[in-house]
Structures are given as structure tokens and as C-alpha cells.
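Chain identifiers are assigned alphabetically (A, B, ...) following the order of the sequence lines, protein sequences preceding nucleic acid strands; residue numbering begins at 1 within each chain.
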Amino acid sequence: MYSYIPFFFLIFILGGCVNLKKVNDFSSNSTKSIKNFEDLEYSFTKACIEKCELEQLENNQIQKTKCECKSEKEADKISSLIYKAIKGYFEGMTNLSENKLTTYKFNALTKALKEGDFGDIQLNKKHIDSYAKISGILTRAITDSYRKRKISTYIGDANDAIKILLEALEFNMVSNLSKKLDVKKQRLESYYFDLSVDTTITGFEKKKIIEEYNTLTDEIDTRKDQIALYGKGLNNIAAGHQKLYDNRNKLNAGEIKEQLSQYSSDIQDIVDEFNKLKKEK
Amino acid sequence: MAKLSSQQLTELGDNFLAFSQSVGNYRMENRSNLTKTQNLEIKNFHRTLLNYADDLYTTSAKLIMDDIQTSLETIKEVTSKTNDTFHKLKKVQKVLDIAASGVTLGAAIFSKNPQAISDAITELSDNWNG
């Protein structure tokens, strides 16, 4: 009877053992998607510089004067602050849910026990291997349970805050930064319209001007698409995190694994689409 | 007057943007009917409206800080705890390596071999400091 106790104990512990792979997939894909912020190649400051340069061009100013973009720099600083906080959180979650983290190596201990001369004490090499294996499984089971508990707590503590931050970054990018591109488009339209109706300009020059205008507006559209995709990614991450939060006490359940897989794959698709747009530029 | 929220500022920016679009379109569509002065005046008016929209978007992006201060602090705190747990779990491997070095040192003492003892102490010290 007593010999069954360790077996039941092992089953009990392994039952609580977590497969955090889905959490890890979700966190690492979220990190990848969030990091696209660095590839947006557009910012409030850049918008300000471009506006200022166009004004100088319109005024036929030969010598460039320095553009004052203090307010825009501040707006970028705030967006960057939000971005870094979100990125740090998901990187931390990725590290903590990584399965390799609790795959401990017992080789050194096994080797020391096998090769050591312990005087009269005789150690059976087969037993050492078996104990090492069991120790590995038990250590992993215990540390994985600990990890699961911690991750559940952190998801619970962070959910409201991370959603607010994701929403704020999405708002700053999609509702503010992207709209500055609409402003730029109108400025360009006005500027190039005047050139296109200028009677002192030849037909050939006008064609060149139209080509230039089309290139610039295409560039604006690509940037807008990038920002929209980035925003979509942030929304998906927020929804995925909410799902994690709702199921934080049953991270092993099949249903949550399936739903998380869906979010991870959607986020991965957005990252791929974003990279495609980046290459097209 | 109550302070405007970042959402309200963006909405105002959207209204200015739509207004400026109408003004810009009017100028382009009626270019031939406008005098040079009228054209210039409308152009400047258009530019001013665009600048308002532009500034409102920037101000809104800055004002968002008011809404996120507490959330930023919460996330920083959770991230710090996550990283602490991560480092704690990473340390388990170090503990195992130190334990293995301890066993090696014990075996070396049993064997009464001075060279083996010296090597084992070095290994233990390396794992401890590593």
C-alpha cells in the first residue's frame, strides 16, 4: 500500500503541471507585434519637420531654418513611454512562460555522484540515473506550478492597466498620428494644385509634378495602412489578454488553449502583413 | 471652463480637418472664378485650419498622459515582479550546479586526494560566483 504513495504523489503533482506554451506563444507574438512601433518610421516629430519643410518650400525659402517641434517631441516621448511599458510587460511574460526556464539540468549532479569516491558508501549507477530523472520531473512540476500561480496573479494584477495602456497607444497612433497624415495630404494637395495650374510651368514639368505628388500620397497611404495594422494588432492583444484574464485560473483547459492559439495566429498574421508593407515601401 | 479630454481634442481635430477639406475643395473647384487675392486668402484660411487640426492631434496625444499615469505605474510594478520571479527560477539551475560541486568536493575529501580537493574547491567557487 505504502509503495503506491509516491506514485499518487507524482500523479498529483504532474496533474498540476502547466503547459504554458500557449501563454508563451501569445506573449511572444504580442511582443513581436508591439515592437513594430519601432518600424513605423513616422512620428509626431517627423510630421512637424515635414510640415515645417513644406512651409519653407511654399515660401520659396532657400535657406532652411530650424524647425521648432517641442510639443511634438513631448507627444513622441509619451507614446514611447507607453510603448516601453507594454513591451516590458510582455517580454517579462514571455520569459516567465518559456518552458525551457524550468528544464533544469541534473547532469552535473549525476556525474558527481557516479564518479565520486565516497569511501565505504556504494552508489548504484542505475539508481542515480533514475533518481536524477525523477528529481527533474518533480522539480519541473513544482516550479511549473509555482510559475502558473505567479503568472495567474500577474495577469490578474495587470489586466486593467495593460488594457488602458494598449488602448492609449492605439488612440495616439490611430486617432492622432495617422490623422496628421491626413493633414499632410491636404497640405500637399493644396501645394501641388497650385503648381499644376501655374501657367509658367511647361507640360513636361507638370507631368513630373503630378508624378511626384502621386509618389508622396502613395507613401502617405502606406504609412496610414501600417499604423492601422499596428492599431489592429494592439486591439487583438488587448482582447487576448482579456481572455487570459477571464481564464487565468484554468490555463490548462483545452478551450482557452484553442482561443489563445487563435489570438496568437491573428497577431502573427498582422505582423506578417505589417512586414510586407514595410518591404513594399 | 472644464478641461477638455484627449478624446474631445481629437474629435475637435477631426472637425477642423473635415472643415479644412471643404475649404480646400472649394478653392480648387472655384479656382478660375476667384481673384488672386481671394485665392490667397482662402489658401491661408485653409492652411490655418489645417494647423489647428494638426496642433489638436498633438495636444491630444500629450494629454493622454493624464489618463494613464496610474496604469503605467501598475504595469511597471507587475513587470518588475515578473522579472524577479524569472530570475529566481533561473537561479534554481545555479543552486543545482553548486550542489553538484558540493558533492564533488565531498567525494574528493573522501578520496583524500589533495589535487582532487583543490580542483573541487575551484569548481565550487566558480559555480558560486558564476
Nearest 0.5 angstrom please: A/Ile86 CD1 to B/Ile75 CD1, how far?
8.5 Å
Nearest 0.5 angstrom please: A/Phe171 CZ to B/Asp67 CG, how far?
8.5 Å
Is there a donor-acceptor pair closer than 3.5 Å between any side-chain N or O of A/Tyr154 and the backbone N or O of B/Lys81?
yes
Is a side-chain donor-acceptor pair under 3.5 Å present for A/Asp160 with B/Ser71?
no
Taking atom CG of B/Leu56 and atom NZ of A/Lys180, what is their separation to the nearest 0.5 Å?
9.5 Å
Rounded distance (nearest 0.5 Å) linking atom CD1 of A/Ile151 with atom OG1 of B/Thr85
9.0 Å
Quick one: do the A/Ser190 and B/Arg27 side chains pair a donor with an acceptor below 3.5 Å?
yes
Qualifying residue, where the test is side chain to side chain contact (heavy atoms under 4.5 Å, CB included) with B/Lys62 and the options are A/Glu72, A/Lys77, A/Glu74:
A/Glu74
More than 12 heavy atoms of other groups within 6.0 Å of A/Tyr213 OH:
yes
Between CG on residue A/Leu81 and CE on residue B/Met65, distance to nearest 0.5 Å:
5.0 Å
Side-chain contact test, heavy atoms from C-beta onward, threshold under 4.5 Å: evaluate it for B/Lys43 versus A/Asp194 and give yes or no.
yes
Is A/Lys150 paired with B/Asp84 through a side-chain N to carboxylate O contact shorter than 4.0 Å?
no
Spacing of A/Ser79 atom OG and B/Ile64 atom CD1 [to the nearest 0.5 Å]
8.5 Å
